[in-house]
Undergrad: 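Handing you a structure now.
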Amino acid sequence: MPDTFQSILIGGVAGIISAAITYFSTRAKIRLDLAAEYDKTLQEERLKVYKELWAMLEPLARYGRDKEITYSVLKEISDQTRSWYFKTGGIYLTEFSRKPYFDWKKTMQELLDNEKFKTNPDKKIPDSELKNVISAGSTLRTSLSDDIGTKRLSRL
């Protein structure tokens, strides 16, 4: 009889341990699955809003611009990107891309605050004056593409 009791006791303890392990491992897997789904959804949304911002930066392309950059054009880009930040995309900017975004905005604001461009808003801004804005825009675009992994080989 003691052997039977010992077998039942060992079986019961093993069952409890097995149930606990199953519970905690299932719980961990569910959490990982939820985190993966959240990350996937976040990346999909980030890609969508980053594409909008990317398109807004087109007039400031380093090469092959289709029109001259004037104060009016720069102001329009600034207004569009401010609206994008507060209404659509700012919440999706990663810590990695937030700094290049605000560095670019700060550099652009220096030209927007310049009285010689404000007084003649349709006159072309010389490339020598635009070089820092264009460079900061390029840095921002690189940061955005790094965030969503478009310039890396697939991890799959």
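The model shown is predicted, which means the values in this text are computed figures rather than measured ones.
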Undergrad: For Thr81 and Tyr101, work out which heavy atoms get closest and say how close.
TA: O-OH, 3.0 Å
Undergrad: With a 4.5 Å heavy-atom cut-off, do Asp79 and Lys75 have their side chains touching?
TA: yes
Undergrad: Side-chain contact, heavy-atom cut-off 4.5 Å: Ile148 with Leu144?
TA: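 The answer is no; the side chains never approach within 4.5 Å.
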Undergrad: Atom OH in Tyr85, atom CD1 in Ile91: separation rounded to 0.5 Å?
TA: 9.5 Å
Undergrad: Does Thr139 offer a backbone N or O that forms a donor-acceptor pair with the side chain of Ser143 under 3.5 Å?
TA: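 Looks like no, no N/O pair under 3.5 Å.
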Undergrad: Given the rule in the side chain to side chain contact (heavy atoms under 4.5 Å, CB included) test, do Tyr71 and Leu111 qualify, once you have shown the distances and angles that lead to the verdict?
TA: CA-CA 8 Å; Tyr71 176 89; Leu111 288 179; over 6 Å; no
Undergrad: Supply the atom-to-atom distance Gln80 CD to Leu53 CG, rounded to the nearest 0.5 angstrom.
TA: 10.0 Å
Undergrad: For the OG atom of Ser145 and the CG atom of Leu140, what is their distance to the nearest 0.5 Å?
TA: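 Rounded to the nearest 0.5 Å, the OG-CG separation comes out at 9.5 Å.
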Undergrad: When hydrophobic residues are tied together by side-chain contacts of less than 4.5 Å, even through go-betweens, does Phe24 share a cluster with Leu32?
TA: no
Undergrad: Could you check Lys40 against Glu44 for side chain to side chain contact (heavy atoms under 4.5 Å, CB included), going step by step and ending with a plain yes or no?
TA: CA-CA 6 Å; Lys40 179 183 174 201; Glu44 288 169 354; 3.3 Å; yes
Undergrad: Is the closest basic N to carboxylate O distance between Arg98 and Glu95 below 4.0 Å?
TA: no
Undergrad: How many angstroms lie between atom NZ of Lys123 and atom OG1 of Thr70, to the nearest 0.5 angstrom?
TA: 12.0 Å
Undergrad: Is a side-chain N or O of Ser135 found less than 3.5 angstrom from the main chain of Lys131, in a donor-acceptor match?
TA: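 Side chain of Ser135 to backbone of Lys131, a donor-acceptor pair under 3.5 Å: no, none is there.
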Undergrad: Looking only at heavy atoms, what is the nearest atom pair of Arg46 and Tyr92, with distance?
TA: NE-O, 2.8 Å
Undergrad: For Asp147 and Ser97, work out which heavy atoms get closest and say how close.
TA: OD2-OG, 2.6 Å
Undergrad: Among pairs that include at least one residue of residues 107-118, which meet side chain to side chain donor-acceptor pair (under 3.5 Å), considering only residues two or more places apart or in two chains?
TA: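 Non-adjacent pairs meeting side chain to side chain donor-acceptor pair (under 3.5 Å): Gln109-Asp113, Lys116-Glu129.
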Undergrad: Nearest heavy-atom pair of Val49 and Trp84: which atoms, and what distance?
TA: O-NE1, 3.0 Å
Undergrad: So do Ser78 and Lys105 actually touch side chain to side chain, heavy atoms under 4.5 Å?
TA: yes
Undergrad: Check whether Phe86 and Leu112 end up in the same hydrophobic cluster, where Ile, Leu, Val, Met, Phe, Trp and Tyr are linked by side-chain heavy atoms less than 4.5 Å apart.
TA: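 The answer is yes; both residues are in one hydrophobic cluster.
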Undergrad: Taking the side chain as C-beta and beyond, is there a heavy-atom pair between Arg65 and Val73 under 4.5 Å?
TA: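 The answer is no, as the side chains (C-beta and beyond) never meet within the 4.5 Å cut-off.
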Undergrad: State, with a plain yes or no, whether a side-chain heavy atom of Tyr50 is found less than 4.5 Å away from one of Leu93.
TA: yes
Undergrad: Are the side chain of Thr26 and the backbone N or O of Thr22 linked by a donor-acceptor pair below 3.5 Å?
TA: yes
Undergrad: Got a second to check how far Arg141's CZ is from Asp146's CG, nearest 0.5 Å?
TA: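 So the CZ of Arg141 and the CG of Asp146 are separated by 13.0 Å.
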Undergrad: Out of curiosity, Met56 CE to Glu76 CD, how far, rounded to the nearest 0.5 Å?
TA: 10.5 Å
Undergrad: Less than 4.5 Å apart, any side-chain heavy atom of Leu60 and any of Leu74?
TA: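 Result yes, sub-4.5 Å side-chain heavy-atom pair found.
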Undergrad: Please indicate whether Glu52 has more than 12 foreign heavy atoms, meaning atoms of other residues, nucleotides or ligands, lying under 6.0 Å from its CD.
TA: yes
Undergrad: Asp122 and Ser72: side-chain hydrogen bond (donor to acceptor under 3.5 Å, both in side chains), yes or no, with the steps?
TA: CA-CA 6 Å; Asp122 295 322; Ser72 297; 3.1 Å; yes
